[in-house]
Amino acid sequence: MTGLKECASLAWEWLEEIAHCSQTSNPDNEGVTRLCASQEHRDANSKLRQWMLACGMQVRMDNAANLIGRYPSKAPNAKTLIFGSHQDTVPNGGKYDGILGVVAPLALVHYFDSNNIELPFHIDVIAFSDEEGTRFQSTLLGSKAISGTFEPLMLDATDAQGMTMREALSEFGCRPELIEKDAYQPDEVLGFVELHIEQGPQLERARLPVGVVSAITGIERHTLSIKGKAGHAGTVPMEMRKDALVGAAQVIHRFDQLCKSQDDLVGVVGKIENFPNGVNVIPQQTDITIELRSPNDSSRLAARSELLAEIEELMAAYNLCYVHKLSYEQSAVTCSESLSSLLAQATSAVGIEPMHLFSGAGHDGLAVTHLTDIAMLFMRCKNGVSHHPDEAITQADLLSSLEVLQQFCLLLKSDSTCS
């Protein structure tokens, strides 16, 4: 008999080992850099394949470079429960963002296999090839492929060296022209569950190891170009100036106040470009990016309307012109009530108070929701840090996560709708 505690220790070892599949030489200090269809991706897939086989799984790689392990059920006409997350990272990211949601379910499957536990459904664990979009700036490649929402134009995206995604996937051993045929069929899937750390400091504040996700945030991005008139900083009277940077500063302040006015809004002005950017020249043009997020689309859309009205008012007050463009929009995704309820029941079953929270970050579930019902379990991380070498978890919390996921599978097993 193999206990969950031993499986948690095994998952811990695997996480440490796969962190070295990185462009960096010291993951603890420099973080992990692992890009889609790279040598580091190949090395990670090699390790994952080895571990999947050792867990009694059938293993394959699809044409989007997703690595898929199946723990097969002996039940006739069995459907599939999918666990998974992404193996790729941001530059110099941490050891757990994404890959935790691959390795922990493998440890769970190891528990089932070692203890000869049979289930009335298959378990597929997927290491998605590219969620972050770091290499090709085109996100959710892997999850779009399995969900049937892959867009062939994505293959034309290029990396910093000018290589297309199509070329990179071909060199990786895939046939990108066949990606659209790799999608799962909705009637064959029970649901998708993802374990992730990207929840900020919420669980740490609540002193809880895990929490159940209610929704994945909606995201929109804008570009705003504010146009004034350049002039000598010493000779143009203050009341006659058309200072684009001052206008931008007012917009940034108003936007910050707007995001702080509601609990379900967050936002950032992440990029600023100023022209001519001289130390003694009145700014003629200032370009900024604005990103707004909310798990409630109605709140996000209302905030957008308020922001655009305030921009119009501010530009008139400062005698400035502007050009605005909505550059990206992704609607919020609500997690499945039935699957989330099972996760909450599983959390209670292992003696943890269920906490419901929303995800302020995007995840593969944004794409998988087009295939099947989704659910997410967040795990506590130190100081809520992600996308950084300082990402840190505890082995005790990893064990708690495995206990919850095990109970979830057992509850699903007893649910008559799983077959």
Side-chain angles (χ1 to χ4, degrees), residues 14-15 17-27 30-53 57-70 82 84-95 97-99 101-103 106 124-184 362-364 366-368 371 387:
W14 285 346
L15 287 164
E17 187 174 340
I18 205 166
H20 291 277
C21 298
S22 171
Q23 293 179 15
T24 59
S25 57
N26 189 333
E30 302 171 276
V32 178
T33 301
R34 186 167 54 244
L35 309 185
C36 177
S38 63
Q39 182 58 50
E40 292 75 29
H41 183 183
R42 193 183 301 276
D43 294 342
N45 273 7
S46 177
K47 290 184 182 297
L48 290 169
R49 179 183 293 273
Q50 174 187 341
W51 300 334
M52 288 173 172
L53 291 172
M57 305 182 86
Q58 302 162 354
V59 188
R60 63 186 175 91
M61 184 178 75
D62 70 10
N63 290 299
N66 295 317
L67 192 70
I68 304 170
R70 167 163 290 189
I82 304 173
S85 191
H86 57 97
Q87 62 74 37
D88 67 312
T89 73
V90 297
N92 303 97
K95 296 190 290 186
D97 175 21
I99 195 64
V102 180
V103 169
L106 287 185
D124 279 9
V125 178
I126 304 180
F128 290 117
S129 58
D130 190 16
E131 186 259 10
E132 299 287 4
T134 303
R135 181 173 181 183
F136 298 102
Q137 284 72 58
S138 186
T139 61
L140 303 175
L141 163 65
S143 46
K144 285 179 178 178
I146 70 131
S147 303
T149 58
F150 170 77
E151 300 164 355
L153 285 176
M154 290 177 68
L155 296 172
D156 296 328
T158 57
D159 65 11
Q161 285 70 47
M163 177 176 282
T164 66
M165 182 186 289
R166 179 182 292 103
E167 293 167 336
L169 289 174
S170 296
E171 286 192 5
F172 202 70
C174 303
R175 297 182 63 186
E177 70 276 10
L178 299 180
I179 288 177
E180 291 178 280
K181 296 184 179 181
D182 285 330
Y184 283 64
H363 300 283
D364 285 296
L366 290 170
V368 182
L371 169 70
H387 282 197

- Query: Taking C-beta and beyond as the side chain, do F150 and D182 meet within less than 4.5 Å on heavy atoms?
  - Reply: no
- Taking the side chain as every heavy atom from C-beta outward, state whether L48 and V102 have any pair of such atoms under 4.5 Å apart. yes
- Query: Checking T33 side chain against P91 main chain: does a donor-acceptor pair fall under 3.5 Å?
  - Reply: no
- Of all pairs that satisfy salt bridge (charged side-chain N to carboxylate O under 4.0 Å, His left out), the ones with a partner from residues 129-140, not counting sequence neighbours: R135-D159
- Item | Residue pair K95, L15: steps toward the side chain to side chain contact (heavy atoms under 4.5 Å, CB included) verdict | CA-CA 7 Å; K95 296 190 290 186; L15 287 164; over 6 Å; no
- Message: Once salt bridge (Lys or Arg N to Asp or Glu O under 4.0 Å) is applied, do any residues pair with K47, and if so which ones, sequence neighbours excluded?
- Response: E17
- Message: Taking the side chain as everything from C-beta on, heavy atoms only, tell me whether M165 gets closer than 4.5 Å to P176.
- Response: no
- Will you find, in the side chains of T149 and S147, an N or O donor that is under 3.5 Å from an N or O acceptor? no
- Query: Looking only at atom types and distance, does a side-chain atom of D43 sit under 3.5 Å from a main-chain N or O of C21, one as donor and one as acceptor?
  - Reply: no
- Query: Where is the tightest heavy-atom contact between P27 and A19, given as atom of each residue plus distance?
  - Reply: CG-O, 3.4 Å
- Distance, nearest 0.5 Å, that separates OG of S143 from CG of D364: 3.5 Å
- Distance from M57 atom CE to I68 atom CD1, nearest 0.5 Å? 10.5 Å
- Item | Any donor-acceptor N/O pair, D88 side chain to C36 backbone, under 3.5 Å | no
- Message: Does any part of the side chain of L67, heavy atoms only, come nearer than 4.5 Å to the side chain of R49, both counted from C-beta?
- Response: yes
- Message: Give me the atom names and distance for the closest heavy-atom approach of F128 to G84.
- Response: CE1-C, 4.3 Å
- Message: I need the T164 OG1 to L155 CG distance, nearest 0.5 Å.
- Response: 7.5 Å
- Message: Return the CD1 to CG distance between I146 and L371, rounded to the nearest 0.5 Å.
- Response: 5.5 Å
- Applying side-chain hydrogen bond (donor to acceptor under 3.5 Å, both in side chains) to S138 and not counting sequence neighbours gives none
- Query: By salt bridge (Lys or Arg N to Asp or Glu O under 4.0 Å), which residues pair with E177, not counting sequence neighbours?
  - Reply: R175
- Task: Find the distance between NZ (K144) and CG (L366) and round it off to the nearest 0.5 Å.
- Result: 9.5 Å
- Query: Is N63 reaching over with its side chain to a backbone N or O of C174, donor-acceptor style, under 3.5 angstrom?
  - Reply: no
- Pairwise distance CG(D124) to CZ(R70) - rounded to 0.5 angstrom: 4.0 Å
- Message: Just to verify, which of E40, H41, Q23, Q87 counts as forming a side chain to side chain donor-acceptor pair (under 3.5 Å) with R34?
- Response: Q87
- Go through the structure and list residues passing ring pair (Phe, Tyr, Trp, His ring centres under 6.0 Å) with Y184, not counting sequence neighbours. none
- Task: For T134 and T89, indicate whether the former's side chain and the latter's backbone hold a donor-acceptor pair under 3.5 Å.
- Result: yes
- Provide the closest heavy-atom pair for S38 versus F172 in the form atom of the first, atom of the second, distance. O-CE1, 3.5 Å
- Where N66 and A145 come nearest, the two heavy atoms and their spacing: ND2-CB, 4.2 Å
- Message: Checking D156 now: which residues fulfil salt bridge (Lys or Arg N to Asp or Glu O under 4.0 Å) with it, not counting sequence neighbours?
- Response: R166
- Whether N92 side chain and E30 backbone form a donor-acceptor pair below 3.5 Å: yes
